[in-house]
Amino acid sequence: MPELSVVIPAYNEAENLQALADELWGALESLGATFEVIIVDDGSVDGTFEILKSLRKKYPGLEAIRLARNYGQTAAMAAAIERARGNILICLDADLQNDPKDIPRLLAKLQEGYDVVSGWRKNRQDPWLTRRLPSQIANQLISWIMQIPLHDYGCTLKAYKREFIQPVRLFGEMHRFMVALSSLMGARITEVEVAHHPRRRGASKYGLIRTFKVILDLITVKFMDAYMTKPIYLFGGWGLLMGFAGAAMSAVVLYKKFFMGIFVKDQPLFQVSIFFELIGFQMIFLGLLAEITVRTYYDIKDKPIYFIREVAGSQTPQADSVYRKMPV
Ligand code: UDP
Ligand code: MG
């Protein structure tokens with residue numbers, strides 16, 4: 001078993017891979033630890049997988065996985081994380097915007113006793129209006145809502161103790177929430193400043209649209225944090241509140257009808273009370289449905305969110321079973 005697993009998602013990064021491998025091996029070999037590098041080709045159409053296979057001649061410790069189509073960075077990372085065997089996982093981008101020379105500093109922090117060390121691209125080399133500004137707002141929002149004081153959730157360069165990342169299930173574009181999700185498992189988290197380079201070759205895969213996804217993912221993660229095992233507390237709580245408010249309004253309507261002689265048709269509160277009561281009932285039943293759903297979820301959640309086309313240089317014994325599992 002290697003001590004370190006480096007996991008890298010790559011989508012149309014053919015031009016970057018040679019330099020990435022050279023820099024990565026340069027940094028990793030000087031560490032004096034055993035390591036493996038898993039690069040997941042996320043359905044590239046520019047020959048990324050062919051280059052990965054040819055790199056294996058020089059770097060036999062490289063494992064290349066080719067997903068059956070482009071699933072997105074999150075699924076690509078999930079595919080690599082699932083197969084990693086090292087006790088420490090290091091995530092990195094394939095485009096050399098992250099610098100492999102920062103890896104020793106991340107590892108040193110882990111040795112201080114942290115479970116997750118997050119890279120902070122303090123001098124981020126991306127456009128300001130479309131990338132850095134939205135990211136800054138998103139980072140502050142996530143820190144505030146999740147109560148984790150980090151500057152840079154979006155930086156891929158992070159180091160994790162295996163037990164705090166491998167069990168995490170990732171969906172959609174939730175790779176930005178990997179740290180938040182490991183914190184839900186009780187991980188001790190810190191950050192270190194890391195270098196960031198402008199993209200020299202290939203194109204960025206993201207635009208402004210992702211900001212909206214971040215907000216929706218944040219709501220999801222916060223909900224999972226607070227109510228995943230007991231959704232009835234949230235839905236039922238609001239349901240009861242609305243139900244009681246509706247009942248109180250009905251009581252006022254009836255009091256006015258019988259003791260003050262005001263007809264129900266002259267009391268707009270009557271309609272409002274019915275609205276509250278109906279929504280209240282709905283919320284409680286929604287909560288019960290959610291309860292059934294989470295119970296099922298906890299029973300069947302070992303399904304991967306991707307499907308692999310081929311693998312070169314696998315050292316993972318259970319590789320075959322990953323082939324056969326169907327994506328959700
Ligand atoms: N990536 C991927 N699948 C995708 C989009 C991106 O595997 O559908 C990889 C990409 O190859 C890179 C990393 O995710 O290694 C980050 O992507 P990118 O550099 O485009 O993001 P940015 O640095 O611009 O935020
Ligand atoms: Mg990049």
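Just so you know, these numbers come straight off a predicted model, no measurement behind them.
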- request: Test side-chain contact (heavy atoms from CB on, under 4.5 Å) on L4 and T34 and set out the steps.
  value: CA-CA 6 Å; L4 296 180; T34 52; over 6 Å; no
When the side chains of residues 222-246 are checked against the rest of the protein, which donor-acceptor pairs come out under 3.5 Å, sequence neighbours left out?
{"from": "K222", "atom 1": "NZ", "to": "I145", "atom 2": "O", "distance (Å)": "3.3"}
{"from": "K230", "atom 1": "NZ", "to": "E291", "atom 2": "OE1", "distance (Å)": "3.2"}

message: Quick check: do P9 and D42 have side-chain heavy atoms less than 4.5 Å from each other?
response: no
- prompt: Looking only at heavy atoms, which two atoms of L133 and L129 are closest? And how far apart?
  reply: CB-O, 4.1 Å
message: Can a side-chain donor-acceptor contact be found between T74 and E173 if the only test is distance below 3.5 angstrom?
response: no
query: Within a strict 4.5 Å, meaning less than it, do heavy atoms of the D115 and E163 side chains meet?
result: no
message: Main chain of G86, side chain of R162: is a donor-acceptor contact present, judged purely on distance under 3.5 Å?
response: yes
message: Is a donor from one side chain sitting under 3.5 angstrom from an acceptor on the other, for K158 and S118?
response: yes
query: Got a donor-acceptor contact below 3.5 angstrom from the K161 side chain to the L89 backbone?
result: no
- request: Salt-bridge test for D126 and R132: reply yes if a basic N is under 4.0 Å from a carboxylate O, no otherwise.
  value: no
- request: Identify whether V117 and W120 are in the same connected component of the hydrophobic contact network (ILVMFWY, side-chain heavy atoms under 4.5 Å).
  value: no
- line: For P104 and P100 the tightest heavy-atom approach is CD-O, 4.0 Å
- request: Report yes if the side chains of I90 and L107 come closer than 4.5 Å at any heavy-atom pair, otherwise no.
  value: yes
- request: For the residue pair I81 and I38, establish whether any side-chain heavy-atom pair is separated by less than 4.5 Å.
  value: no
message: One pair to check against side-chain contact (heavy atoms from CB on, under 4.5 Å): T156 and H175. What are the steps and the verdict?
response: CA-CA 8 Å; T156 310; H175 58 273; 5.5 Å; no
message: Please check: side-chain N/O of Q125 versus main-chain N/O of A195, any donor-acceptor pairing under 3.5 Å?
response: no
message: Quick one, R200 with D95, criterion salt bridge (charged side-chain N to carboxylate O under 4.0 Å, His left out). Give me CA distance, side-chain angles, the key distance, then yes/no.
response: CA-CA 8 Å; R200 273 169 293 174; D95 56 3; over 6 Å; no
message: Could you check whether any side-chain N or O of Q97 sits under 3.5 Å from a backbone N or O of P198, counting only pairs where one atom can act as donor and the other as acceptor?
response: no
- request: Output yes when a side-chain donor or acceptor of R309 lies under 3.5 Å from a complementary backbone atom of A68, and no otherwise.
  value: yes
query: What distance do F285 atom CZ and L288 atom CG have between them, rounded to the nearest 0.5 Å?
result: 6.5 Å
From CA spacing to verdict: side chain to side chain donor-acceptor pair (under 3.5 Å), E36, S5: CA-CA 5 Å; E36 65 178 355; S5 296; 2.6 Å; yes
- prompt: Is L150 linked to I137 within one hydrophobic cluster, defined over Ile, Leu, Val, Met, Phe, Trp and Tyr using a side-chain heavy-atom separation of less than 4.5 Å?
  reply: no
- prompt: Would you find a donor on one side and an acceptor on the other, under 3.5 Å apart, between the side chain of R105 and the backbone of E193?
  reply: yes
- prompt: Under a 4.5 Å side-chain heavy-atom rule over Ile, Leu, Val, Met, Phe, Trp and Tyr, are F35 and Y160 clustered together?
  reply: no
message: Distance check, rounded to the nearest 0.5 Å: R176 atom CZ versus N139 atom CG?
response: 10.0 Å
task: Starting from the C-alpha separation in whole Å, work towards a yes-or-no answer on side-chain contact (heavy atoms from CB on, under 4.5 Å) for R121 and V194.
output: CA-CA 5 Å; R121 300 164 291 181; V194 295; 4.2 Å; yes
field: Y153 side chain near S143 side chain, heavy-atom distance below 4.5 Å
entry: yes
message: Can you see whether T48 engages D41 through a side-chain donor-acceptor pair at a distance of less than 3.5 angstrom?
response: no
- prompt: Does E23 CD have over 12 foreign heavy atoms under 6.0 Å away?
  reply: yes
Residue pair A78 / L170: nearest heavy atoms and the distance that separates them: CB-CD1, 4.3 Å
message: Is the shortest side-chain heavy-atom distance between K53 and E310 below 4.5 Å?
response: yes
message: So does G43 get a backbone contact from the side chain of R69, meaning a donor-acceptor N/O pair under 3.5 Å?
response: no
query: Does the side chain of I65 come within less than 4.5 Å of R83's, by heavy atoms?
result: yes
- prompt: Side chains of D217 and T220: donor-acceptor distance under 3.5 Å anywhere?
  reply: no
task: Indicate if V37 and L96 have the same hydrophobic cluster label, given that clusters are the connected sets of ILVMFWY residues with side-chain heavy-atom separations under 4.5 angstrom.
output: yes
statement: In this structure, CG of L269 is separated from CZ of F276 (nearest 0.5 Å) by 9.5 Å
statement: Separation between CG (L181) and CZ (F164), nearest 0.5 Å, reads 13.5 Å
message: Checking N123 against H196: is there a side-chain donor and acceptor pair closer than 3.5 Å?
response: no
statement: Tightest non-hydrogen contact, residues G119 and C155, listed as O-CB, 3.4 Å
Shared hydrophobic cluster, Y255 / F270 (ILVMFWY, side-chain heavy atoms < 4.5 Å): no
- prompt: So M178 and C91, side-chain contact (heavy atoms from CB on, under 4.5 Å) or not? Walk me through it.
  reply: CA-CA 11 Å; M178 272 158 56; C91 301; 3.9 Å; yes
query: Would K122 and D152 pass as an ion pair if we require N to O under 4.0 Å?
result: no
query: Say you draw a straight line from CG of L52 to CD of Q18; how long is it, rounded to the nearest 0.5 Å?
result: 11.0 Å
- prompt: Atom NE2 in H151, atom OG in S135: separation rounded to 0.5 Å?
  reply: 11.5 Å
Got a list of side-chain donor-acceptor pairs under 3.5 Å for residues 201-209, not counting sequence neighbours?
{"from": "R201", "atom 1": "NE", "to": "E15", "atom 2": "O", "distance (Å)": "3.2"}
{"from": "R201", "atom 1": "NE", "to": "N16", "atom 2": "OD1", "distance (Å)": "3.4"}
{"from": "S204", "atom 1": "OG", "to": "R131", "atom 2": "NH1", "distance (Å)": "3.2"}
{"from": "S204", "atom 1": "OG", "to": "Y206", "atom 2": "N", "distance (Å)": "3.3"}
{"from": "K205", "atom 1": "NZ", "to": "Y11", "atom 2": "O", "distance (Å)": "2.8"}
{"from": "K205", "atom 1": "NZ", "to": "E13", "atom 2": "OE2", "distance (Å)": "3.0"}
{"from": "K205", "atom 1": "NZ", "to": "A203", "atom 2": "O", "distance (Å)": "3.0"}
{"from": "Y206", "atom 1": "OH", "to": "Q73", "atom 2": "OE1", "distance (Å)": "2.6"}

statement: From the list I39, V7, L24, side chain to side chain contact (heavy atoms under 4.5 Å, CB included) partner of L92 resolves to L24
task: Please tell me if the side chains of V214 and I142 come closer than 4.5 Å, counting only heavy atoms from C-beta onward.
output: yes
